[in-house]
Amino acid sequence: MTDNRSVPKSSTPLDSDAALTAYSTPDTVKAVALVLPGGKADSYDAAVPSQLTAVRMRPFARHLSRAGVGRGLAVSMLRYRYRGWNGVEASPTVDARWALETIRERHGGIPVVLVGHSMGGRTSLRVADDPSVVGVVALAPWLPGDEPVAHLGGVRALIAHGNLDFVTSPRASRRFARRARSVGADINYKVVHGDSHAMLLRPHRWHSLTTRTALSYL
């Protein structure tokens, strides 16, 4: 969707219920920001655009669109097949890798920045080894202690967490950042003071931090 609030354009692969919704597509696309919403630990319920996890990320997509469209930045949001991570299946990572391949088919090997919240933050870091990905912004990510880091060597990322978050753990994010740095990742950890998991108390701080960081990776 461009900033004139036109209806977003969605695309869905024939063999999947995942979909990409475009928020801005410049005439000449030089880079893509892929927005990944949150979800649940376990659920095979269908993900739908009206869910709060998706609604929460639309202002981020619009902010990125306004700031980046003049620089050739296209912005798309991924709708997963399912609401849940679903254990070893890691369902949203399958959808994210499909989305990255779709972006390559459309635009070639241009740089992609991943912006994910909660489960989407975990997803973005899990697929950051994709050759198109040049950076990750993980907002209040869900990062269990055994989340792998070996694939993150050379990856640039920001992990931002509100100090009032009681849904996902700021301490787990900090520990993950330390482990990732030990394998050569370039990860910055940022505390957003005075905000919680929903990112509603300091929204402008979250939006500005996300957009500024994403554009710096490009």
Side-chain angles (χ1 to χ4, degrees), residues 1-11 18-38 47-80 96 99-100 102-104 106-121 123-125 127-128 132-141 156-162 188 190-218:
M1 179 169 66
T2 58
D3 199 38
N4 61 10
R5 303 301 175 93
S6 59
V7 177
K9 297 179 180 179
S10 297
S11 61
L20 283 172
T21 297
Y23 279 75
S24 65
T25 306
D27 292 336
T28 301
V29 177
K30 299 179 180 178
V32 174
L34 178 60
V35 179
L36 307 174
V48 296
S50 60
Q51 287 164 353
L52 182 59
T53 51
V55 172
R56 181 178 289 130
M57 295 308 291
R58 287 176 193 151
F60 287 88
R62 290 194 289 266
H63 200 277
L64 283 161
S65 297
R66 288 193 295 269
V69 67
R71 309 184 191 190
L73 179 68
V75 180
S76 290
M77 186 184 297
L78 176 62
R79 191 190 76 218
Y80 311 120
L100 289 164
T102 299
I103 290 167
R104 269 191 292 275
R106 292 177 181 174
H107 304 297
I110 62 174
V112 177
V113 171
L114 304 176
V115 176
H117 175 249
S118 194
M119 185 183 78
T123 302
S124 65
L125 289 163
V127 304
S132 295
V133 174
V134 298
V136 172
V137 181
L139 307 171
R156 301 176 70 193
L158 168 70
I159 296 177
H161 224 122
N188 184 29
K190 174 76 173 179
V191 178
V192 179
H193 291 282
D195 214 336
S196 61
H197 191 70
M199 307 180 296
L200 295 176
L201 302 177
R202 302 286 189 272
H204 298 298
R205 188 175 301 175
W206 288 100
H207 298 160
S208 297
L209 176 63
T210 297
T211 297
R212 183 173 65 252
T213 304
L215 292 178
S216 75
Y217 292 151
L218 300 171

Would you sort out whether L100 and V133 count as a side-chain contact (heavy atoms from CB on, under 4.5 Å), showing the intermediate values?
CA-CA 9 Å; L100 289 164; V133 174; 4.1 Å; yes
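- Listed by chain and number, the residues in a ring-ring contact (aromatic ring centres under 6.0 Å, His included) with H107 amount to none (sequence neighbours excluded).
- Across S50 and R58, no two heavy atoms sit closer than the pair N-NH2, 4.1 Å.
- Listed here is the closest heavy atom pair of A54 and V48: CB-O, 4.4 Å.
- Y80 approaches A47 most closely through the heavy-atom pair O-CB, 3.2 Å.
- Side-chain contact between L209 and L139: absent, with no pair of heavy atoms (C-beta onward) separated by less than 4.5 Å.
- Scanning both residues, A33 and L73, for their nearest heavy atoms gives N-CD1, 3.6 Å.
- In this structure, H207 and H63 have tilted ring planes: the angle between them lies in the 30° to 60° band.
- Side-chain atoms of T21 and R79, non-hydrogen and from C-beta on, never get closer than 4.5 Å to each other.
- When side chains are defined from C-beta on, Y217 does not count as touching V136, because their heavy atoms never get closer than 4.5 Å.
- With a 4.5 Å cut-off on side-chain heavy atoms, L20 and L78 count as touching.
- Taken to the nearest 0.5 Å, the CD1 atom of I159 stands 14.5 Å off from the NZ atom of K190.
- For the pair F60 and H117, the minimum side-chain heavy-atom distance is 4.5 Å or more.
- T25 is not listed as a side-chain neighbour of R106, based on a closest heavy-atom distance of 4.5 Å or more.
- With sequence neighbours left out, the salt bridge (charged side-chain N to carboxylate O under 4.0 Å, His left out) criterion links R104 to E101, D130.
- For the pair A140 and H197, the tightest heavy-atom approach, listed with the atom from each and the gap, is O-CE1, 3.5 Å.
- Considering only residues two or more places apart in sequence or on other chains, T213 meets the side chain to side chain donor-acceptor pair (under 3.5 Å) condition with none of them.
- How far CD1 of I103 is from CG of L34: 5.0 Å, rounded to the nearest 0.5 Å.
- Shortest non-hydrogen contact noted between G38 and S118 is CA-CB, 4.2 Å.
- With contacts defined as side-chain heavy-atom distances shorter than 4.5 Å, the pair P111/K30 does not qualify.
- When atom types are taken as modelled, the side chain of D195 and the backbone of G162 share no donor-acceptor pair closer than 3.5 angstrom.
- When the options V75, L114, V113 are evaluated for a side-chain contact (heavy atoms from CB on, under 4.5 Å) with V35, the one that passes is V75.
- Side-chain contact between V192 and M199 is absent, with no heavy-atom pair separated by less than 4.5 Å.
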